[in-house]
Amino acid sequence: AALPGPAPADWAQAPLDPAVRAVLVGFDEHFSYAKLCQALRYLLRGGPDCLLVGTNRDHRLPLEGGTAIPGTGCLVKAVETAAQREAFIVGKPNRYMFDCVASEFDIDPARTIMVGDRLDTDILMGNSCGLTTLLTLTGVTTLDEVKGHQESDCAARQSLVPDYYVDSIADLLPALGD
């Protein structure tokens, strides 16, 4: 989306699709001020009846070598700030995604494992859904962080503790061959 004209008054007058009833914020490497303006205009036009949905709140995406790039949570926060309202998050750690899958398939939480590399998304969702959780240490989480949460008396921190951990998902390959 491009800004329709040189001035803010032009941006606020561009036509909007009357069929739009929701704004979805997901990963977008082409996120722009123009898209932010458009999202806000749809949300203002529709008021509370126009849904604001975010895919996740990941603030960073880790890359090899210890570096990172901004995550989708940064984009969600930009739209939330402009709209002055909170998005409904459909991805981890919200259990919405798990509930959708469980409603379509016969899933026994006691026989299901959530594998992930983040405590605040993967492990929190698994624990809140009653799944066994397995942390891989190939992402942003360190074993020291896990130990800190494990030793805490805080229930919120305890909910971030996985049942198991492995250094890498590759550590599971021998078990999958059995």
Side-chain angles (χ1 to χ4, degrees), residues 21-31 35 39 50-81 83 85-178:
R21 301 198 45 209
V23 171
L24 172 65
V25 184
F27 183 79
D28 181 358
E29 70 265 20
H30 301 290
F31 187 80
K35 288 181 179 182
C50 184
L51 301 176
L52 175 54
V53 180
T55 57
N56 64 73
R57 291 196 183 278
D58 292 4
H59 57 281
R60 279 192 228 152
L61 301 177
L63 302 174
E64 285 190 49
T67 186
I69 59 172
T72 301
C74 299
L75 309 182
V76 171
K77 185 58 91 178
V79 177
E80 287 177 330
T81 300
R85 64 190 250 203
E86 194 170 318
F88 176 74
I89 304 299
V90 295
K92 303 173 292 184
N94 189 320
R95 66 175 295 131
Y96 179 81
M97 183 178 7
F98 175 78
D99 290 340
C100 288
V101 172
S103 73
E104 292 292 319
F105 302 96
D106 186 24
I107 294 178
D108 178 2
R111 294 184 41 86
T112 305
I113 188 166
M114 176 66 176
V115 179
D117 65 357
R118 295 181 80 114
L119 297 178
D120 61 340
T121 56
D122 306 318
I123 302 306
L124 180 57
M125 184 183 114
N127 286 340
S128 70
C129 295
L131 311 175
T132 299
T133 53
L134 174 71
L135 174 70
T136 63
L137 296 174
T138 52
V140 297
T141 302
T142 66
L143 198 50
D144 285 339
E145 287 177 76
V146 174
K147 289 177 183 174
H149 292 306
Q150 193 171 32
E151 294 167 358
S152 172
D153 292 331
C154 174
R157 289 188 67 189
Q158 285 286 320
S159 68
L160 299 173
V161 176
D163 295 304
Y164 304 99
Y165 75 91
V166 291
D167 288 325
S168 166
I169 196 75
D171 294 341
L172 298 176
L173 293 177
L176 295 175
D178 294 341

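One is the number of the first residue; the rest follow in order along the sequence. All of these numbers come straight from a predicted model, not from anything done at the bench.
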- Note: R57-E80 ion pair, threshold 4.0 Å (strictly below): yes
- Decide if atom CZ of R21 counts as having more than 12 heavy atoms of other residues, nucleotides or ligands within a radius under 6.0 Å. no
- Would you say the side chain of L52 lies within less than 4.5 Å of the side chain of V79, judging by non-hydrogen atoms? yes
- Message: So T141 and V146, do their side chains get closer than 4.5 Å, heavy atoms only?
- Response: yes
- Message: Exactly one of M125, H59, K92, E145 should register a side chain to side chain contact (heavy atoms under 4.5 Å, CB included) with D120. Which one does?
- Response: H59
- Query: Between atom CD1 of I123 and atom CE of M114, what is the distance when rounded to the nearest 0.5 Å?
  - Reply: 7.0 Å
- Task: Of all the heavy-atom pairs spanning S159 and N127, show the shortest one and how long it is.
- Result: O-ND2, 2.9 Å
- Task: Indicate yes or no: at least one non-hydrogen side-chain atom of T136 is less than 4.5 angstrom from one of V115.
- Result: yes
- Looking at side-chain heavy atoms only, is the closest gap between T138 and I169 below 4.5 Å? no
Check residues 93-100 and write down every donor-acceptor pair under 3.5 Å in which the side-chain atom is one partner and the other belongs to a residue at least two apart or another chain.
| from | atom 1 | to | atom 2 | distance (Å) |
| --- | --- | --- | --- | --- |
| N94 | OD1 | Y96 | N | 2.8 |
| N94 | ND2 | I89 | O | 2.6 |
| R95 | NE | D99 | OD1 | 3.2 |
| R95 | NE | D99 | OD2 | 3.2 |
| R95 | NH1 | S128 | O | 2.9 |
| R95 | NH2 | D99 | OD1 | 3.0 |

- Is it true that K35 and E29 make a salt bridge, defined as a side-chain N closer than 4.0 Å to a carboxylate O? no
- Message: Set out, in order, the CA-CA distance, both residues' side-chain angles and the distance that settles side-chain hydrogen bond (donor to acceptor under 3.5 Å, both in side chains) for D58 and T72, then state yes or no.
- Response: CA-CA 6 Å; D58 292 4; T72 301; over 6 Å; no
- Which atom names give the shortest non-hydrogen contact between P109 and C129, and what distance separates them? CB-O, 3.9 Å
